[in-house]
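Following this message is one structure expressed as structure tokens.
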Amino acid sequence: MDVGGPRQTCLVQIVLEQLDGGAIGATEIDGTGNEKAIERVAREQLPAFVAAREHAGRGEAASEPVVSEQRADAQPPRWVWDDTAVWYPELLRAGVTIERCFDLRLTDALLRNSPHTAAGYSALPAVQQRRHHDSADAALFHLEQPAPPSMAPVAALQRQQSALETSPAGLRLLVAAESAGALAAAEMGHAGLPWRRDEHERLLASMLGARPAEGYRPERLERLALAVADALGAPTINLDSPAELLRTLRSAGLAVETTRSHELQRLRHPAIAPLLEYKTLSRLWSANGWHWLDQWVHQGRFHPVFVPAGVVSGRWSSEGGGALQLPAVVRSAVRADEGWKLIVADAAQLEPRVLAAMSGDSAMARASSSGDLYQGMVDVGAVETRAQAKYGMLGAMYGGTTGESAKVLPRIARAFPRAIGFVEAAAQRGERGMPVSSLLGRGSPEPSEAWRELQAAASAESPDPVTVRRARSAARSQGRFTRNFVVQATAAEWALAWIALLRGALRQRYGADHTTSPHLVFFVHDELIVHAPAHHAEDVRELMHRTAADAGRLLFGESAVAFPVNAVVVDGYDEAK
DNA sequence: GGAGAGGGCGCC
DNA sequence: AGGGCGCCCTCTCC
């Protein structure tokens, strides 16, 4: 368990948990804190151990397994380490895959923030995020600041296990799913998303023109910029500067508050059409243009870094390459290899279904029984149109108070009182500064000290009106956050369960070799992509349906709410949906 | 010249 | 007065 001053302290510790015995009985392979020794252990012994297990599984004599007590018929070993994201990518590069793990860092974060954690868990000292590329900085940092004492991983594991033993089953499930997700995240980043450079370049050329010399804009952007400058009578304008653009638009007589596209769309002026097109294309160029391609796509693969629980709600985030924001227009470059297929699956109306299930709203469960929840809400007579259902529910889950969404909300609340009551209660807790939690027990972060001080100032005697207004606004904002948190975090748990179950099913059926077998390559909140040899594609598609249903049962039992997915077999990502 | 804030926009 | 992100750009500040 590393604490604060990264590399010199006990960096890793690979521990084998003896699951059979019930007791922890962990074996610390190397607890010396010597980084080099630990890395050697990770590289050498782990593959050796895996190989030994494989021999054992085939009934052959195991050659010096690292842990001799491991029986061939036992559950596969669960490797315990401080941080999957630090160790697993390197093992994958060495050709080693792991079936199960226990991630001390992710588990600690869950335990320390969960209201469901059994009393008595004292969190580990803060575990600093550490990645291999920042080792130089970390080492420098360490020279100036001595590391606090570290905790041995076996002790950390014991502390966490003992807290989990007396915590609700949901929290144990969440901890297991979180670690499984961490393995899947590293494996997806390692395998990479199949990406056709030629297709992407063709697309860029058709939309932007030829690739410009370094430091120049593409021809199409240049022309549009000239047209805008012309129409505004401002030959030197820099369209990439919102402040300057706003000033110029105003001096051209246009009444605008911002330069956002949706506001500009309402205007009639010869500069507007080319300006909107400039914004769209400029975005493509800077976010997913040739530079992006050079930086992120190698040997036909885009290798995003997925960060499990990178968002407080438990959603994943990503680092580098903007993996979770791949714009629709570039998805045609995501293509299966020759002889392979992509199976693209996304959950239908995940968040409202999650809300229906967790709130136990039977009317909404009935509405969800057709494939389309929003249409179901129309069919039971709650609202007139599908659009009303959709925007009304989004408003309920996001805290929208204006427009069409606010108008239909009262009707939705009458038809589905438990679902709406559930998010309302979460909002009220947030407004009062109280935390909320997901179904399985992920806790929401507490509001900041500044937030509390503001609330206190507003409830003091004769507060000034500005403070009252600010406090009210901050309270509502926290309420919107907690309102959304309960749904978003539980939806993330469903998705995590789906990933874990699908990953397990794929491994069981096809093995773990991503060069020959179906494997996960992409995940975005409620959508998964598997890359598979064509002859397995239909089978994989069926597995994706089945594991989605299993994920619903795992979280909610035999709930009346189904969690259907749309899953299609395609060659290119753009063909899905 | 690097850090950080803010505008804006892509995704769910 | 709509939840969560990451990333690119500009601009200000040190």
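Lettering follows sequence order; numbering is per chain, from 1.
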* Asked: Nearest to the side chain of A/Gln488, which nucleotide is it out of C/dG6, C/dG3, C/dC5?
  -> C/dG3
* To the nearest Å, how far apart are A/Leu409 CG and C/dG2 C1'? -> 13 Å
* Asked: Base, sugar-phosphate alone, or nothing: which one does A/Arg469 contact when heavy atoms must sit under 4.0 Å apart?
  -> nothing
* Does a nitrogen or oxygen in the side chain of A/Ser318 sit under 4.0 Å from OP1 or OP2 of C/dG6? -> no
* **Phosphate OP1/OP2 of C/dG3: any A/Arg480 side-chain N/O under 4.0 Å** => yes
* Asked: Expressed in angstrom and rounded to an integer, what is the separation of A/Phe306 atom CZ from C/dC5 atom P?
  -> 17 Å
* **Between B/dC9 (P) and A/Leu281 (CG): distance, integer Å** => 13 Å
* Asked: Where the side chain of A/Arg386 meets the backbone of A/Val378, is there a donor-acceptor pair that is under 3.5 Å apart?
  -> no
* A/Ile237 has an atom CD1; how far is it from atom P of C/dT10, in whole Å? -> 13 Å
* To do: Round to the nearest Å and state the distance from A/Asp526 atom CG to C/dC5 atom C1'.
  => 14 Å
* Answer with base, sugar-phosphate or nothing: what part of the nucleic acid does A/Ala323 contact at a heavy-atom distance below 4.0 Å? => nothing
* A/His525 NE2 - B/dC12 C1' separation (whole Å) -> 4 Å
* Stacked pair A/Tyr398-C/dG3, distance under 5.5 Å, angle under 30° -> yes
* To do: Output the distance between atom CG (A/Leu373) and atom CD (A/Glu351), rounded to the nearest 0.5 Å.
  => 12.0 Å
* Short side-chain to backbone donor-acceptor contact, A/Arg470 and A/Leu454, under 3.5 Å -> no
* For residues 418-444 of chain A, which residues have at least one heavy atom under 4.0 Å from DNA chain C? -> none
* Identify whether any heavy atom of A/Ser317 sits under 4.0 Å from a base atom; if not, whether one sits that close to sugar-phosphate; answer base, sugar-phosphate or nothing. => sugar-phosphate
* A/Phe481 or A/Arg476, whichever maps to the more 5' nucleotide of DNA chain C -> A/Arg476
* Asked: Side chain of A/Asp361, backbone of A/Arg418: donor and acceptor closer than 3.5 Å?
  -> yes
* Just checking A/Gly310: base, sugar-phosphate only, or nothing, at a heavy-atom cut-off of under 4.0 Å? -> nothing
* Pair assignment for C/dG2, Watson-Crick or G-U wobble, requiring both distances under 3.5 Å -> none
* CZ/A/Arg211 to CH2/A/Trp285 distance, rounded to the nearest 0.5 angstrom? -> 10.5 Å
* Has A/Lys390 got more than 12 heavy atoms of other residues, nucleotides or ligands less than 6.0 Å from its NZ? -> no
* Say you draw a straight line from CG of A/Leu394 to CD of A/Gln349; how long is it, rounded to the nearest 0.5 Å? -> 10.5 Å
* Asked: Between the base of B/dC12 and the side chain of A/Arg315, is there any donor-acceptor pair under 3.5 Å?
  -> yes
* Asked: Within this structure, what is the CG-to-C1' distance between A/Leu275 and B/dC9, rounded to whole angstrom?
  -> 14 Å
* Spacing of A/Leu355 atom CG and A/Gln488 atom CD [to the nearest 0.5 Å] -> 13.5 Å
* Give, ordered by number, those residues of residues 240-273 of chain A having at least one heavy-atom distance below 4.0 Å to an atom of DNA chain C; if nothing qualifies, reply none. => A/Asp240, A/Ser241
* **Under 3.5 Å: donor-acceptor pair, side chain of A/Ser114, backbone of A/Gly441** => yes
* More than 12 heavy atoms of other groups within 6.0 Å of A/Tyr391 OH -> no
* Value in whole Å for how far the P atom of C/dT10 lies from CG of A/Asn238 -> 6 Å
* Please check the phosphate of B/dC9 (OP1 and OP2 only) for any side-chain N or O of A/Lys279 closer than 4.0 Å. => yes
* Which of the following nucleotides, C/dG4, B/dG10, B/dC12, is nearest to the side chain of A/Asn484? -> C/dG4
* Donor-acceptor pair, side chain of A/Arg452 and main chain of A/Gly433, under 3.5 angstrom -> yes
